[in-house]
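Single-structure report; data block below.
Chain A is the first sequence line, chain B the second, and so forth, proteins listed ahead of strands; every chain is numbered from 1.
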Amino acid sequence: MGLEIAFWLLAVIGVVTALAVVLLPNVFRAALCLVACFIAVAGIYVTLSADFLAAVQVLIYVGAIGVVIILAIMLTREVQRGSLANKLYIPALLVAILFFGVVGFAVINTPWQIAGIAPQEPTTSALAVKLFGEGGFILPLEIASVLLLAAILGAIILVREK
Amino acid sequence: MGFNYLTTIIFLPLVGAILIAFLPNLRDQYIKRLAAIFTFIPMALSILLFCQFDRSAGAAGLIQFEEKLSWIPAINAHYHVGVDGLSLPLVVLMALLGFLVVLISWKINLRPREYFAWLLLLETSILGVFCSLDLLLFFLFWEIEVIPMYFLISIWGTGRKEYSAMKYVIYTLFGSALMLTGILSLYFTTGSLSMVEIARGGLGMVQSIMRPAIIFFLLFIGFAVKLPVVPLHTWLPDAHTDAPTAGSVVLAGALIKMGGYGMIRLCVSLFPQVARDYATILVAFAVVSVLYGAAVTLRQTDLKRLIAYSSISHMGYVLLGIFVLGEVSLVGATLQMFSHGVITGLLFAVAGLVMHNAGERDLRQLGGLARQIPIIAVVFSVAGLGALGLPTTSGFAAEFLVFVGSFSSTVVPGIQVYTILAVLGIVITAGYILWMLQRVFYGPVLEKFNGVVDADNLEKVYMFVLVAVIMLVGIYPAVLTDVIKLGISPIMSLLGG
Amino acid sequence: MPHQLIWLILLLPLLSFVITSLFIRPFLSHSPKLSGYITIASICGSLILSVWALLEVLAAPNHELPIPDISWVIIEGGVTIHLGLIMDSLTAVMLIVVTVVSLMVQVYSQGYMHGDPGYHRYFAFMSLFTGSMLGLVLADNLLFLYVFWELVGLCSYLLIGFWFHKPAARNAATKAFVVTRLGDFGFLAAILSLYFNAGTFDIAELHSLAIAGTLGGAVLTWAAIGIFSGAVGKSAQFPLHVWLPDAMEGPTPVSALIHAATMVAAGVFLVARTYPLFAHSVEAVTTVAIIGGFTAIFAASMGLVMTDIKRVLAYSTISQLGYMMLGLATGGVAIGIFHLFNHAFFKALLFLGAGSVNHATGTFDMHQMGGLRKVMPWTYATFVIASLSIAGIWPLSGFWSKDEILASSLGAQPVLFVLAMLTVFMTAFYMFRVVFLTFGGDYRGEGKPHESASVMVVPMVILAILAVVSGFWNVTGGFSQLFGHGETQSFARGFFGILAHPLPWISLILAGLGILLAYAMYSAKWLSAESLGRLFSPLYTLFYRKYWFDELYERLFVGKALINGFFAGLQQFDNNGVDGAVNGIANATIAGGRAIRRVQTGQLQLYGLFIGIGILAIVLCVYLVG
Amino acid sequence: MNLELFTPELTLVAFAIGVILLDLFVQRKGLLVIVSLVGLAVSAGFTIALWGGSAQAIFNNMLVVDNFALFFKLLFLGIAALIILTSVDYVSKFARFQGEYHALVLLSTLGMMLMAATAELISIFIALELTGISFYILVGFLKDSKSSEASLKFLLLGAVASAVLLYGMALVFGFTGKTQLGEIAQVIQSMPPGGVLANPALILGIVLLIAGFGFKIAAVPFQMWVPDVYEGAPTPVTAYLVAEEAAGFAIILRVFHSIFGLPHWLSLEWGLIFAVLAAIGMTLGNVVAIPQINIKRMLGYSAIAQAGYLMVGLATMGFAVGTDALGQSGLLFFLVSYALTNLGAFIAIIAISNKLDSDLIDDYSGMGKRAPLLALGLTLCLISLIGLPPAAGFMAKFYIFSGAAQHGLLWLVVIAVINSVISAYYYLRVVKVMWLGKPASESKVPSSGALRVALALSCLGVLLLGIIPGYVMRLAELAAEMFGF
Amino acid sequence: MSIGLEHYLILSAVLFSIGLYGALAKRNAIVILMSIELMLNAVNIAMVAFSRYIVPLLLTGQVFAIFVMVVAAAEVAVGLAIIIAIYRSRETVDATQINLMKW
């Protein structure tokens, strides 16, 4: 029962904050809402019994990404100018709604092969095995490291003056 | 058969082209000499070939001087060249013109290096088309020709040259695009790219996969653009008119023959039944081309444009000869291709000379030149008379065979009427040819042309050669028909005729 | 001598053509006379051979000599075309006509063309023509015949336009060629259909098929009419007569040889050559008769009023050719050809006379002449003889052949007979109108005319003799005999016996009246030409304007209707319709490009939007379709 | 797990890092070029060594080493090498970031090699992103307004696209519970045959995948970034983009061939989608390319058109039944010849615009005089792009279209060939300007040795592929047949 | 009714669509970036949900999610870098102003 309440609560918060992100004219607030939304998502993970993931979510998104974004906002002094919608917002809205409709339709009408078993918890060690252990996702991990290397390079190059 | 005649003939000009293009600091004179050498040898060889060609009745339908080696195993394509009675005359024609156009272009001094390179490349591609027996090879050579012609027209041409060049390219590519589709369909329906095999095997399996008629017309349109068949002809007047003299000579002399050749080689030989079914429509198109072309020609006031339009009418006879599907008519059509090549080639050459020497191409401004340039006048008249089908010129022999053949054709109902209509074309032809002659050469001698010089020795050479060929074929056509019929008879057996 | 030699008859002149054009003209142009001599020599050779051939033919049992063929084109299962010669009485006679007249004309030309810049060219063409003409009469199959048929046409074209710098000449040349080509179109069509139905070009075979009846009905009729249309073109019969008068722009000897004696007669010859085809089709033969009869009087009527001496002669030629056609149609080969035979001589003579006059006065306008009989007696004498002969005065040659034609036409077509009779009157009138205007009265032109050089006079004299005697050949019926009908009689009997019949008298009287009228108007001036002209002014203008045929054809028909009308329309269609469509498509594509690229606004979110829309579109398609 | 199957990639990583470090110490940047080239060469050496063996998988089936992958790896290495050669002069524009530039080129190559080889959704995604990010950076490398703008557009749209792709992957994963392509295939084929609507999530997933990959291969309607990025990016990078496109095709081929190859009704489903997109894409690209005045932008549109031709191969694969690999092999061959041709063209453009400092077609006027060889090379490449012999493009089209015609896509072939007619118009316009236009100045246009070599190599390749394509076609066939998922 | 897979999927769909809207409709480049982050989070929810309900014992989805986070971080880093670079040169991060290249 607690699960239901939690889900609905988090879902509502998530959706509302998300809406706030895309609707608020003030960039700064939008960013804060984004962070809030991230936290709500983390909660959702908990309800999905993905505790480790929730932690990571908080760390990476709230801790890292959120901060960086706010930093950027400060740097670009866009707060006052605000973030308004462009001319395309009506078609954009339509597309978004239609997209939701399609996905919803698909999701509802698909016979998912749901496994009745209870999920394994805690996930941390299991994930560790999954990632680093034998028969785990080592390859993506290695690629990811290279990817981060590239990203760091890029960030440096692009930001530094010539 | 030790020596690879055909390969040599086809690729010597290419070698020449490459040498001319890349040899460092060549003097213009050497460029021209080089070009002359690398076109003369193929000509000599092709004539040698013509003499060595086995004319015995047993050789009917045999591919001679065949060369075959695997090219692209992945799609089972071969480098397969050879000549039979159908292609040999055209090879000779192109080789001959190939050499003569170099002489014709002797006075070219604008960027000669590129000019002769393109010219020779052009010759290679056309020779290749006539020689190749593999569909992919055929199409490859067919396409190569586009670019050199584009440059020849757009750089060394006159008038709206860039427009005409682009128009030529687009038109040609359009045709060959459909042709490519046809060849592809042919390829996957038969699994082979060898014209010989396909012709031999027949298209039994095609039926099951797609209607042969579709393939037939895909190919036909490709060739119809080249030939050209009204209403796909409007590139021709522009291209011929604005091309440099040599370009026009090659265009009219050999290039548009690729269309007729392709029709016989692919459309008729591979799809005898379809050809039979649609003969009536195609013959109707032929008659239209003849009369329409002639009628429009009569209205032209530009020397080259007039000759260009006349080609449409004359190629109409080829189409007629082909699609009445009679042995005689097919021989006639092939002969007509050859003779038109020589005659119109000469016409363009001399017209170019007149324009170059007199600096005037508008028939309303010309006149009385027979006094100032008698030799050109005589040659021009001979060519013109050939064009209007005067006996003892090749034009008569060819057109007459076409007429006889088509009149007695059994394929098209009411063919007699069509033929008579086509014959009517020769009257109009006489009209515009003589009108052109009299506008250019007769009438009061004009002061402004007093300085005009007559043909020099070099020009006399090619004039004489072409005139000689015209007369020879006209007086004794058997010299060609004996060869051509060998190429035609197997097609007839395919047609069950 | 072997009969292959007969090939030489046509090869000799062709040879001389090659020599003159390829060697003498380029290399020996400083010695002009040479080409003339070569031509004459070659034609002499042909003449001798022709005479020999004639004798051979006369000797031969069925008046025919076999000559082996040469194969031209052979396509197994397709066509097989041989080139061969036929040597029968018809050919033999024609050979004589051609060679004799040609020879005379060449000799004459020596004087006439003296000092002309195109001297070589002239003789080259002349020998080419003679050769082709001989080939024409010798050819044994229609295709071969057609070849030479076109060649003589070509020569006529070249020689009419000989003085190419004269606009009139060049136009006349083109007109002549195109108009005859129009007739040839029918001829060619006929050849094709004959080949299609009979499977051969060989004339003899065609004859036998026609006689056997395997070739008949509509096919035969149409073929015959097709052939005849060729003849109409060449022989300038109505309605294709318009080119011949203009053709007089050529040098006069040319007119004498080509446009009087030989080439224009080729039409008649063609009909005679293929006579069996006509004989077995009533429609065809009637057509020939009607066209011939009508042309005879039609042309004569125009001859009445012309003031240009050569044009009068031209019209008279047309009219005489009409006679021949009529004779052929009604009386058979012998009669028609006999007139051709006689006509050749006196008409050539007339032209040479005209030429000689022109040589003296420098004009062809009869109003600029007059009184020449004193200064040029030879010309006068010969001209009068020829005129009498053409007028059909006993016992000159014209009388005999014309009489036969009249007789036969009376038998066949009374109406045509009447026309023919009227023509006799007209002929006599316009010929003597010429005689009196030219030679009678006093000299009206400027300069002092003088008799021509002997090189010109001698041929005229020879021809004059022929014009007198050539008719005697058939007095005995020998000529008809040659063609296998008619029976022979003693010369004296034929010579005087003819006058026992009424018919000759009628014609003689009419002719006499004609001459008298001419004398009255132009010599004695009892009644003035002007007043008569005014009296019959509508008729006069009608004749003088040639029934407005030139206007009808050139202006209205060819000019307005075809070239500037229909063809112009086609051209417009070609430029705007066909080519317009092509360019239209191209421009549409380009415009499309310009339009579509506007979508690429540079707004990245628009691009994103397209991604979204694209996804949705695809999904919906799949869902709705699937 | 035997790592030697992984050596090509490892080498690249090593050399990439090496280049970065080297950059810190050496002054002569020319050394970096050599090192990078060596790295590529070594990696290529390992790759060739692996060629021909039967398909093997490592990292428990996440990385597949089969001829298909190796074929692409070689292609990418070759392209990268040419790019590095091409950039020799150009890098001077990058001031002190030359080391990073070369490193990023190597990293992106690595990413693309992995794209061609990975057979597991997560790895595919990461590899895709590695490539993507490297390219975002490379595109923005000039840091002038155009370049950054291009980079931003590329990045934002790319991010959206990868989000969409992820969603698709999520659905497929959710539907099958697997991320290994092989296992997914088994699940799907074991499903009871039912209509499409029975499991709309799968279809949605497929469509989203098409969208995500379609973005990479510049398929309509996900292609709109192409012209802007082509125009804005540093020219060598623009040339390099062709490799990314190829990588995209590699992934699509692998994914769609192995996962959705069967049941046939499914493959027909997406086969038709690709066919339609192909038709629209080539038409749109060609038509819009006509009015372009900037040659890079024009080639951007032409890239869209070429992608259309390439997708004919995908459609063919969808329509092909059983083991028929004509579509794939045709596509592979087309990719090779297109890459070569495009590179050649861009090399010439780089050489010319280095001097002119302009990408406007009109400024190429009279190049035939000022730089005959460059002009000749460019002309050859443009002819090849039109698809005329004796250039590679001709054979490529013939090959790929023959496959399509063979599987009843004649209508598509007709559209395609008509399109190549249209394309002739704008390609030849450049040719015309170069040879017919009068030069702006008489001064010659010099070009560095490296550029000449690169141009010569690619032109040679174009000609060889056009005249004797047999060998490469054979390779393509082998690669196409040896799909170890 | 009890919370099931569909709920989570719908939630993710909602968030995804919101993000999509933001990405397409907002002028500020940074906000666009933020919206993209939203989309990625939405995907992650779906991933984890699938992992929870389809393959409870394998956690594949969670692994996937982790990698998505990594990528997201990288993208944000580079993205912001570019935005700042642009801001330097143009004094704006308004996406509608960034249209030098068009047509």
Bottom line for B:Leu140: the part with an atom under 4.5 Å from chain D's heavy atoms is both
Max heavy-atom pairs within cutoff under 4.5 Å with chain B, candidates D:Gly470, D:Ser402, D:Ser329, D:Ala404, goes to D:Ser402
Note: vs chain B, highest number of non-hydrogen pairs under 4.5 angstrom among D:Leu388, D:Thr379, D:Val413, D:Val414 is D:Leu388
Tell me whether B:Asp242 is salt-bridged to B:Arg160, with the criterion being a basic N under 4.0 Å from an acidic carboxylate O.
no
Rounded to the nearest 0.5 angstrom, the CZ-CG distance for B:Phe130 and B:Leu6 is 13.5 Å
Honestly, the part of D:Leu376 sitting under 4.5 Å from a heavy atom of chain B is side chain
cation_pi(D:Lys397, D:Tyr309) dist<6.0 Å, angle<=45: yes
Bottom line for B:Ile144: the part with an atom under 4.5 Å from chain D's heavy atoms is both
Using a strict cut-off of less than 4.0 Å between a Lys/Arg side-chain nitrogen and an Asp/Glu carboxylate oxygen, indicate whether B:Lys167 and B:Glu162 qualify as a salt bridge. no
One should read off an interatomic distance between D:Trp435 CH2 and B:Arg111 CZ, to the nearest 0.5 angstrom, of 7.5 Å
Most contact-rich option vs chain D, by heavy-atom pairs under 4.5 angstrom, among B:Pro73, B:Ser125, B:Ser154, is B:Ser154
The interface call for D:Ile383 against chain B, heavy-atom contacts under 4.5 Å, is side chain
Can we call the ring centroids of D:Phe394 and B:Phe139 under 6.0 Å apart? yes
Bottom line for B:Phe174: the part with an atom under 4.5 Å from chain D's heavy atoms is both
ring-ring contact (aromatic ring centres under 6.0 Å, His included) with B:Tyr168: of B:Trp235, B:Tyr150, B:Tyr163, B:Phe151, only one passes, and it is B:Trp235
Under 4.5 Å to a heavy atom of chain D? For B:Ile147 that would be side chain
Honestly, the part of B:Tyr79 sitting under 4.5 Å from a heavy atom of chain D is neither
So, the part of B:Phe141 with a heavy atom under 4.5 Å from chain D: the answer is neither
Bottom line for D:Phe401: the part with an atom under 4.5 Å from chain B's heavy atoms is both
Pair count under 4.5 Å, heavy atoms only, with chain B: among D:Ala424, D:Ala416, D:Ala405, D:Ser420, highest is D:Ala405
Applying a strict 4.5 Å limit to non-hydrogen atoms, the region of D:Tyr471 in contact with chain B is neither
inquiry  = Test your reading of the model: is there a side-chain donor-acceptor pair from D:Arg370 to the backbone of D:Val445, 3.5 Å cut-off?
reply    = no
Query raised in the report: Taking the six-membered ring for Trp, are the ring centroids of B:Phe223 and B:Trp142 within less than 6.0 Å of each other?
Result: yes
